[in-house]
Amino acid sequence: MSFPPVEKQMSVIKRGTVEIVPEEELIEKLSKSKAENRPLKIKLGVDPTRPDLHLGHSVILRKLRQFQDLGHEAILIIGGFTAMIGDPTGQNKTRPPLTAEEVRDNAETYITQAKKILDEHKTTIVDNNDWLGSMTYMDVVKLASKLTVARMIERDDFSKRYQNQEPISLHEFLYPLAQGQDSVYLRSDVELGGTDQKFNLLVGRELQKSDGQEPQVCLMMPLLVGTDGTMKMSKSYDNYIGIDEPASEVYGKCLSIPDELIYPYFELVTDVSTDELTAIQTKAVQDPRNAKHDLAFTITRMYHGKQAAIDAKNHFEQTVIQKNIPDDAPAFTFNPGSTHRLMDIIADANLSPSNGETKRMMKQGGITLDDKKINDPNFEITFQKGDELHLKVGKRKYGRLIAQ
RNA sequence: GGGGGGAUACCAAAGUGGCCAACUGGGGCAGACUGUAAAUCUGUUGUCGUAAGACUUCGCAGGUUCGAAUCCUGCUCCCCCCA
């Protein structure tokens, strides 16, 4: 196979990229690769701590995919070993290490989801437990001698924790070394990571150098801001859009992002061409409503297909804009002639976490039955044969109460 | 090894014998508004109970007291300083 011209490759590679360290070396590597007709080894390490992939993860996986499409070799490292250490990056507390079984289960779901983004036939998947797990204490000691304590604690996350009198376990210092060792073992040419991974990626360079290898180039992608518009997308902040979520969820969540995020999302998590991006940039400002609907549609289509995206769009317009009860609202059936208290129905249907919460919502007008607000906690319904009542609990929970 | 500080609800953080289901902020939830599930404003936020009230909750286990998040004893965990 032959590789595209280096400039062409660089323009693909640089889309959305924050920093390439050092850029010249990447150009050299690409030229050499093209001349020798040899693909570069592109490394991406992931720790299967949380198996649910969201758009934040997709940024980096998509970058890996772009390298694949350019003809390079994608190596996805499942951090079976490193997950058991716990990456301290950006953490304000020690991560709970996972057990071997958890890691295995998570890894499996991770891979299944990652294949939605990567070219599955061209991806090499490895587990770093295969080489890290067999290192001896002495190997580790030798490795540890290559980095100083001063170098470690100058890291932002560590120094903050240190200043705040929060614990830093010694083993957390070993994490970057383990990740770096992966690069040495695989002889990677490029390693991908988020901007927060810079330290870890650079350690890989140093270890490779001291091993006599040509050091890898580090490529940093921005951290995708979550739907709240301030923090990075993360499951623990609950500001994420999962790639496995139902289409209507994806669509709705995309619409809930702040307007300023429209462009970055298009750039980082969709396939729209660079030409289109320019147009989007102006549209995002002049017509944010439609630009955002375009975004929601594009993203939903990527993971669920066109038809599902159309349905999701309709669903959104029906329920959120026109405030109708969706057709697919869960149905609950009752015997004709029977009488039930609405609060009990809501509790049985699991539409509210507690009766206290239901009462609160009733007081605040958050519960409607056939468009009538129900404020009385003792409100009762006697069902007649053929009844179908539309129940809405809060903003987003629905039920159809059917007597038959 | 020695000395000091700390552990409170989802998170942060007040409270140091009854007025504490616990100030406040964030988050969550709801309402109004909106192109939007955004922003903003308002309300609300342990469980059960229509309510009155009952029950569980302030690191863990005991104890003192009419009454404890608050006092005592033991334990566990964390942080800092000195060595």
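Chain letters run A, B, ... following the sequence lines, proteins first and then strands; every chain starts at 1.
- Two residues, A:S256 and A:N355, neighbour RNA chain B, and the one matched to the more 5' nucleotide by heavy-atom proximity is A:S256.
- One finds no side-chain N or O of A:K359 lying less than 4.0 angstrom from the OP1 or OP2 phosphate oxygen of B:U44.
- Spacing between B:G53 and B:G74 at atom P, rounded to whole Å, works out to 40 Å.
- The C1' atoms of B:G26 and B:G67 are separated by 34 Å, rounded to the nearest whole Å.
- For the residue pair A:Q216 / A:D189, no side-chain donor-acceptor distance below 3.5 Å is found, with atom types taken as modelled.
- One atom, NZ of A:K392, and another, P of B:C29, lie 14 Å apart when rounded to the nearest Å.
- A:G252 comes within contact range of at least one nucleobase, with a heavy-atom separation under 4.0 Å.
- Applying the Watson-Crick and G-U wobble criteria (two distances, each under 3.5 Å), B:A7 pairs with B:U76.
- Pairing of B:U16, defined by two Watson-Crick or G-U wobble distances under 3.5 Å, is not identified with any nucleotide.
- Checking A:T82 against A:Q179 by side-chain atom types alone, no donor-acceptor pair falls below 3.5 Å.
- For B:C71, the paired base is B:G63 (Watson-Crick or G-U wobble, both distances below 3.5 Å).
- With hydrogens and angles disregarded, a donor-acceptor distance shorter than 3.5 Å links the side chain of A:D127 to the backbone of A:G80.
- For the pair A:S354 and B:G46, the criterion of a side-chain N or O lying under 4.0 Å from OP1 or OP2 is not met.
- Between B:U70 and B:A7, the distance separating the two C1' atoms is 15 Å to the nearest Å.
- Sorted by first and then second residue, the ring pair (Phe, Tyr, Trp, His ring centres under 6.0 Å) pairs with a member in residues 384-404 of chain A form an empty list; sequence neighbours excluded.
- If you check B:U44, B:U50, B:C29 against the side chain of A:N378, the one that comes closest is B:U50.
- For the C1' atoms, the distance linking B:U47 with B:A21 amounts to 11 Å, nearest Å.
- Atom CE in A:M362 sits roughly 11 Å away from atom P in B:A51 (whole-Å rounding).
- Of the candidate nucleotides B:U50, B:G43, B:U36, B:G43 has the atom nearest to the side chain of A:R360.
- B:G1: Watson-Crick or G-U partner is B:C82, with both key distances under 3.5 Å.
- The distance from atom CD of A:E357 to atom C1' of B:G46 is 12 Å, rounded to the nearest whole Å.
- In this structure, the side chain of A:S338 does not engage the main chain of A:F334 through any donor-acceptor pair within 3.5 Å.
- Looking at heavy-atom distances under 4.0 Å, A:S352 makes no contact with the nucleic acid at all.
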